[in-house]
Asks: 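My questions all concern the structure below.
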Amino acid sequence: MSELNISNATIAELLAIKAETAKMPLQKALRRASRKAYLWPEEAAHLVEQNRSLTELAGVGPSLSKIVMEWIEQPPPLPTPPAIRRSFLTLPQAKEILSNNPTWARNIRGDLQMHTLWSDGSGSILEMARAAQARGYEYIAITDHSKGLKIAGGVDEKQLQQQSDEIEGVNGVLRTEGAQFVVLRSIELNLSPRGEGDMEQQSLKRLDLVLGCFHSSLRKKEDQTERYIAALQNPDIQILGHPKGRIYNFREGLQANWKKVFDTAAELDKAVEIDGYPDRQDLSLELVQVAKASGCRISLGTDSHDPQQLRFMDFSLAAAISVGIKRDRILNFLSAEELQNWVATSQAQQAQFQGSR
Ligand SMILES: [Zn+2]
């Protein structure tokens with residue numbers, strides 16, 4: 001492969017800029033292609049070298065193909081993306097990082113964020129487990145939304161119990177097959193801006209793991225450090241999911257004193273997530289760097305909404321590798337048993353901490 005004169009990341013930025021002045025429906029097509037460009041499996045410039053059509057790429061029809069072709073033939077000056085589109089990896093970039101560090105994908109043992117038919121996912125628990133087994137994992141955590149997030153079909157306490165029964169059934173099937181694989185019961189607990197969850201503590205206690213996430217007041221401009229500290233101090237959660245709340249070209253996410261947030265996570269022995277969903281990639285590379293300096297635990301989760309999306313782990317892994325996070329800080333390199341021991345220890349410490357206050 002020859003040296004690229006223009007990368008997919010640059011094409012994505014040019015598409016987004018062009019969308020800003022385009023009329024509908026072109027505007028929508030440009031915005032969509034800008035987002036999809038992060039998931040193109042190959043560099044568009046390489047396709048052109050091989051005399052292949054750009055319409056092979058998701059989101060690119062005949063008219064966008066012409067526009068992109070012009071950029072590839074004569075690259076415009078390199079744009080600097082605004083914060084809302086900055087610091088996202090493209091799939092070829094992530095793949096290259098992984099191929100230079102092949103043991104990472106081989107040794108990762110599980111995925112700690114995914115959704116199923118129980119909330120807004122489209123796969124069953126068994127289908128997610130099968131897809132994870134095919135990737136060589138030893139476990140997955142099922143993290144459907146909790147009841148407060150109605151728009152995403154959040155589950156209430158009763159449904160969470162029914163889901164646990166289904167998970168027990170799936171684990172029974174896997175055991176009978178002699179598989180070294182377990183489905184962990186978890187939830188994406190919807191946190192209020194005060195860091196409080198929306199489920200009864202008793203039903204959360206019965207889970208293997210709890211991921212807490214903010215889904216409201218995500219466009220606040222003021223510093224939100226207090227909200228993060230409160231969430232981390234919430235005794236029910238062990239992992240803070242998609243911490244910044246950013247979405248590519250849609251929302252920049254929250255501002256905080258991240259050093260203080262991650263120092264608090266380290267002190268409480270909690271984990272912060274690198275959400276690998278391509279539009280999220282949250283934490284970003286810069287924030288993973290800050291987390292690394294604090295030494296807090298890191299959790300990798302794809303936020304998959306169907307079994308094929310488990311491949312988004314490439315983005316989470318690539319971010320951790322490129323920043324140089326040590327594997328012993330990453331939950332996904334623990335065995336299922338070690339992971340459960342960590343949760344138990346964390347819960348006991350929290351109980352003690354609460355008691356001593
Ligand atoms: Zn979420």
Side-chain angles (χ1 to χ4, degrees), residues 35 38 84 88 110-123 125 128 140-156 159-160 163 184-199 204 207-220 224 227-228 230-232 234 236-256 261 265 270-284 287-288 291 298-313 315-316 319 331-332:
R35 187 162 44 85
Y38 280 86
I84 202 165
F88 287 85
D111 186 333
L112 296 174
Q113 190 191 165
M114 67 192 62
H115 303 268
T116 71
L117 291 166
W118 281 91
S119 64
D120 58 350
S122 60
I125 291 167
M128 297 308 281
I140 50 171
I142 300 293
T143 57
D144 278 301
H145 292 286
S146 60
K147 65 183 178 187
L149 206 65
K150 296 219 165 50
I151 191 170
V155 297
D156 62 17
Q159 290 166 315
L160 189 62
Q163 185 188 55
L184 302 173
R185 295 160 302 173
S186 186
I187 195 165
E188 181 176 349
L189 185 67
N190 186 38
L191 299 175
S192 77
R194 290 172 310 284
E196 292 159 352
D198 60 348
M199 300 284 281
L204 296 175
L207 301 174
D208 295 304
L209 191 66
V210 176
L211 175 82
C213 295
F214 293 116
H215 296 106
S216 55
S217 305
L218 295 176
R219 290 181 183 272
K220 286 251 182 325
Q224 301 289 306
R227 144 182 350 199
Y228 287 104
L232 288 165
N234 182 327
D236 298 331
I237 76 158
Q238 290 88 43
I239 304 170
L240 187 63
H242 53 70
K244 190 165 169 63
R246 71 172 188 162
I247 296 193
Y248 178 77
N249 209 17
F250 174 71
R251 187 176 63 216
E252 200 183 320
L254 300 171
Q255 311 295 328
V261 172
K270 299 214 170 174
V272 293
E273 187 187 52
I274 305 176
D275 186 309
Y277 203 85
D279 297 357
R280 288 192 179 269
Q281 303 193 36
D282 182 4
L283 303 171
S284 65
L287 291 187
V288 178
I298 302 282
S299 175
L300 309 181
T302 55
D303 208 342
S304 288
H305 286 68
D306 73 48
Q308 285 79 38
Q309 292 182 346
L310 293 180
R311 68 196 171 98
F312 294 164
M313 187 53 81
F315 292 101
S316 298
L331 299 180
N332 311 59

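Count residues from 1 along the sequence. Both counts, for ligands and for their atoms, begin at 1 and track the order of listing.
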Asks: Report yes or no: is the cationic atom of Arg35 (NZ for Lys, CZ for Arg) closer than 6.0 Å to the six-membered ring centre of Phe88, at no more than 45° off its axis?
Replies: no
Asks: For Asp282, is there any backbone N or O sitting under 3.5 Å from a side-chain donor or acceptor partner on Asp275?
Replies: no
Asks: Tell me if a side-chain donor or acceptor on Glu273 pairs with a main-chain N or O of His242 at a distance below 3.5 Å.
Replies: yes
Asks: Which class fits the ring pair His215 and His145: parallel under 30°, tilted 30 to 60°, perpendicular over 60°?
Replies: perpendicular
Asks: Who are the salt bridge (charged side-chain N to carboxylate O under 4.0 Å, His left out) partners of Asp303, not counting sequence neighbours?
Replies: Arg280
Asks: Taking the six-membered ring of Phe250, is NZ or CZ of Arg219 closer than 6.0 Å to its centre and within 45° of its axis?
Replies: yes
Asks: Tell me how many protein N, O or S atoms are within a distance shorter than 2.8 Å of the Zn ion (ligand 1).
Replies: 3
